[in-house]
Amino acid sequence: MLEIVPLPAFQDNYIWTLRSGKLAAVVDPGEARPVLDYLAKEGLSLASILATHHHPDHVGGIAELVARHKVPVFGPKGEPIPALTHPVGEGDRADIPGLDASFSVLDIPGHTRAHVAYYGLGSLFCGDTLFACGCGRVFEGTAAQMLESLSKLAALPDETKVYCGHEYTLANIRFARAVDPGNALLASREERAQRLRDAGRPTLPSTLGEERATNPFLRCAEPAVVDSANKYLGSRVADPVRVFAAIREWKNKF
Ligand SMILES: [Zn+2]
């Protein structure tokens with residue numbers, strides 16, 4: 001039975017750890033120490049590393065981990081990932097040796113130029129593209145690319161568990177309430193997230209059904225979100241890419 005455990009790193013990163021029997025794989029180890037400590041405490045061996053994109057808070061621990069554990073490192077082809085052994089892109093699979101876990105790779109550019117997600121076992125590891133009730137900044141791609149990537153993720157089944165790279169949920173919900181003020185589901189989502197944080201627990205994973213119902217960046221065609229984007233811009237736009245770009249810019253200043 002595969003278990004998925006969050007290892008907190010830095011201020012608000014999660015290193016998602018997949019474990020079964022005596023083996024574990026980690027997603028986006030921005031630092032090595034939390035992983036090494038966890039492996040030692042639990043008596044686990046590292047089986048593999050998966051990286052979603054090249055930012056240091058996601059790959060900074062890989063060199064130290066592979067110096068101690070010679071394991072396959074999956075990551076997007078076309079991005080500088082340390083010690084990459086398995087460059088992957090759309091249509092490829094990431095099979096984790098010994099863990100009986102296999103993921104399909106989705107290209108989701110926008111936050112970075114070749115960002116990937118890993119999808120399998122009803123779970124989605126999406127790095128800094130889709131967040132709980134939010135999305136990543138558009139650093140290396142275009143708004144159109146980012147929206148297409150988010151739409152691709154949004155097309156996965158409702159019950160898909162969303163494991164993203166950061167604990168940004170409460171701040172994201174506060175922004176979502178400004179953009180989508182009539183959405184009653186946001187108030188209950190905020191209460192739930194606040195209770196979890198007060199108890200020192202992660203708000204993740206969420207589900208794609210929950211994201212589709214509350215995440216404004218997946219709701220760029222909803223009249224309420226379009227209206228808010230227009231108020232922010234002071235002009236009339238309806239094209240989802242322009243709506244997305246407007247609320248992404250607004251979020252940066254929120
Ligand atoms: Zn990033």
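Atoms within a ligand are numbered from 1 in the order they appear, just like the ligands themselves.
Within a 6.0 Å sphere centred on CD of E210, heavy atoms belonging to other residues, nucleotides or ligands number more than 12. Within a 6.0 Å radius of CG in D12, more than 12 heavy atoms belonging to other residues, nucleotides or ligands are found.
With respect to R197 and E190, no salt bridge is recorded, no charged nitrogen being found less than 4.0 Å from a carboxylate O.
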Under the criterion side chain to side chain donor-acceptor pair (under 3.5 Å), I'd like the reasoning laid out for H55 against H111: C-alpha separation, chi angles, the key distance, then a yes or no. CA-CA 10 Å; H55 286 159; H111 177 69; 3.1 Å; yes

Could you walk me through whether H115 and D107 satisfy the side chain to side chain donor-acceptor pair (under 3.5 Å) test, starting with their C-alpha distance in whole Å, then the side-chain angles of each, then the deciding distance to 0.1 Å, before giving a yes or no? CA-CA 6 Å; H115 196 306; D107 281 343; over 6 Å; no

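Protein N/O/S atoms found under 2.8 Å from the Zn ion (ligand 1), listed by chain and residue number: H53 NE2, H55 ND1, H111 NE2, D128 OD2.
Side-chain polar atoms of T214 and R189 form a donor-acceptor pair below 3.5 angstrom.
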